[in-house]
Amino acid sequence: MTSPSLDALFRPFKIKSLKLKNRIVMAPMTRSFSPGGVPGENVAAYYRRRAENEVGLILSEGAVIDRPASRNDPNVPSFYGDAPLAGWKLVVDGVHAAGGKMAPQIWHVGSTRNMMAEWDPGVPVESPSGLVAPSDPRGVAMTEEAIADTIAAFGRAAGDAKRLGFDTVELHGAHGYLIDQFFWAATNLRTGRFSGATIKERSRFAVEVVKCVRQEVGPDFPIILRVSQWKQQNYKVRLAETPNQMRDWLGPLVEAGVDVLHCSQRRFLEPEFPEIDGQDGLNCAGWAKKLTGAATISVGSVGLSLDFLRAFAGEGSKVTGIDDLLRRLEREEFDLIAVGRALLGDPQWVTKIRSGERSGLKDFDPAALAELF
Ligand SMILES: Cc1cc2nc3c(=O)[nH]c(=O)nc-3n(C[C@H](O)[C@H](O)[C@H](O)COP(=O)(O)O)c2cc1C
């Protein structure tokens, strides 16, 4: 089989006010280099370096909203308050000066513990029903008032993103954190309007967040929502077992104002419903696009042999080819592709891919997680 051309990856993309020079997105990656919640010059230089090297859209690491228990790590950045927002202004200005585009990923961790270190925020952690996972209680169930305040805090963060000059905003609705704890039946045992037996009912919290964000950013500013079937609490869990359930989950979110669904998979090559379209079938982003009509971002093990959880276990990954990715982009299965570790470990990954100089590509060494370069 001949290698597909790189054109599908280096075509521009436009949605509302956002124009991208290519289809490559830097995946959001928590780096914990922002003591006191403030991203400093080292963080600005890290993102700028990726923009200088042709990344189309940079998604920041998760940055937490203005709620007492929104973080589970003292060194992740905040997205509220004067000093953190001044830090983010430096970040986005640097990315723009280098010709890049950027969104912050705004985040509330819910009751989820930090994967890397035990840390406690010193206030009760909050979640839909005071659970991290089935039979794993932690913290308190949110009151209606806490929910309303949280929705408003997501809205304010998105409004601040636009005011600071970011090009779009991503809401973290994946991986078992707060928004996902509302989606997941096992962690959402509430009664009332933010719960219910169906995924459509449990999407209501996210729908309210999206509507509030839309109110703050206006009609032309794209909103990205990151979602995942899997949870860090249980990798086998699926919110949607069928395409119909997926439509019930994601359709209302797109109607509420989401422009781009960022469908998180550990390996983008895995088909979402192989019983329907086979082992080479559409992946999660492919099905999300087909069912909702929204633009989608795919992600997971691009250019690397093993999935990212292995990096947390201290394992490296080998360079692999990207022909499968190019074929899926040519077929327009999804619109954009996010790249995580390959870009964390090598700011020049995009320019190397573009030049075709594959011998310059680096294997992923988990030691890179300890440094910001
Ligand atoms: C160090 C690290 C930190 C991460 N932090 C976040 C995060 O803050 N928000 C998020 O949505 N995903 C996060 N992820 C997941 C990545 O966005 C991405 O989905 C994952 O690494 C798979 O892409 P890859 O195989 O290209 O690395 C993180 C991944 C890594 C390796």
Side-chain angles (χ1 to χ4, degrees), residues 24-34 39 43 46-47 50 55 57-65 70-73 75-79 103-110 112 114-117 169-180 224-232 235 260-270 283-285 296-320 322 324-325 334 336-346 349-350 353 361-373:
I24 300 159
V25 176
M26 179 171 172
M29 284 177 287
T30 291
R31 304 306 317 275
S32 304
F33 282 96
S34 299
V43 174
Y46 162 79
Y47 287 116
R50 274 74 188 167
V55 174
L57 174 66
I58 293 174
L59 299 175
S60 82
E61 61 206 283
V64 297
I65 61 166
S70 58
R71 66 174 62 244
N72 63 5
D73 173 335
N75 296 314
V76 299
S78 301
F79 210 82
Q105 185 190 54
I106 58 178
W107 189 27
H108 184 314
V109 299
T112 304
N114 185 339
M115 278 168 105
M116 308 295 276
V169 66
E170 175 166 288
L171 309 173
H172 195 341
H175 305 172
Y177 295 111
L178 184 69
I179 292 178
D180 204 16
I224 307 171
L225 174 68
R226 195 170 219 214
V227 292
S228 62
Q229 294 264 35
W230 62 271
K231 324 282 152 233
Q232 60 191 286
Y235 297 112
V260 183
L261 288 164
H262 184 175
C263 302
S264 173
Q265 285 184 268
R266 286 170 290 160
R267 305 182 67 83
F268 80 95
L269 278 174
E270 280 174 8
N283 70 11
C284 189
T296 58
I297 308 175
S298 187
V299 65
S301 305
V302 171
L304 292 175
S305 56
L306 300 175
D307 78 48
F308 80 102
L309 295 167
R310 310 286 277 271
F312 291 124
E315 272 183 81
S317 271
K318 296 274 176 220
V319 168
T320 62
I322 60 162
D324 289 323
L325 170 67
F334 41 80
L336 299 165
I337 185 71
V339 178
R341 287 159 301 151
L343 273 169
L344 188 156
D346 186 357
W349 187 83
V350 180
I353 289 283
L361 293 170
K362 293 188 196 169
D363 293 338
F364 181 73
D365 178 351
L369 297 176
E371 287 175 71
L372 205 59
F373 54 85

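What you see is a predicted model; the values in this text were computed from it and never measured. As the structure lists them, so they are numbered: ligands from 1, and atoms in each ligand from 1. We're numbering straight along the sequence, starting at 1.
For Gly173 against Asp180, the heavy-atom pair with the smallest separation is O-CB, 3.6 Å.
With sequence neighbours excluded, the residues that form a side chain to side chain contact (heavy atoms under 4.5 Å, CB included) with Glu371 are Phe373. Scanning for side chain to side chain contact (heavy atoms under 4.5 Å, CB included) contacts around Val299 gives Ala27, Arg226, His262, Ser264, Ala338, with sequence neighbours left out.
Around ligand 1 you find Ala27, Pro28, Met29, Thr30, Gly62, Gln105, His172, His175, Arg226, Val299, Gly300, Ser301, Phe308, Phe312, Val339, Gly340, Arg341, Leu369, each with a heavy-atom distance below 4.0 Å.
Using cut-offs of 30° and 60° on the angle between ring planes, the pair Phe268 and Phe334 is perpendicular. The aromatic rings of His175 and Tyr177 are tilted relative to each other, their planes meeting at an angle between 30° and 60°.
For residues 302-319, the pairs satisfying salt bridge (charged side-chain N to carboxylate O under 4.0 Å, His left out) are Arg310-Glu315, Lys318-Asp363, with sequence neighbours left out.
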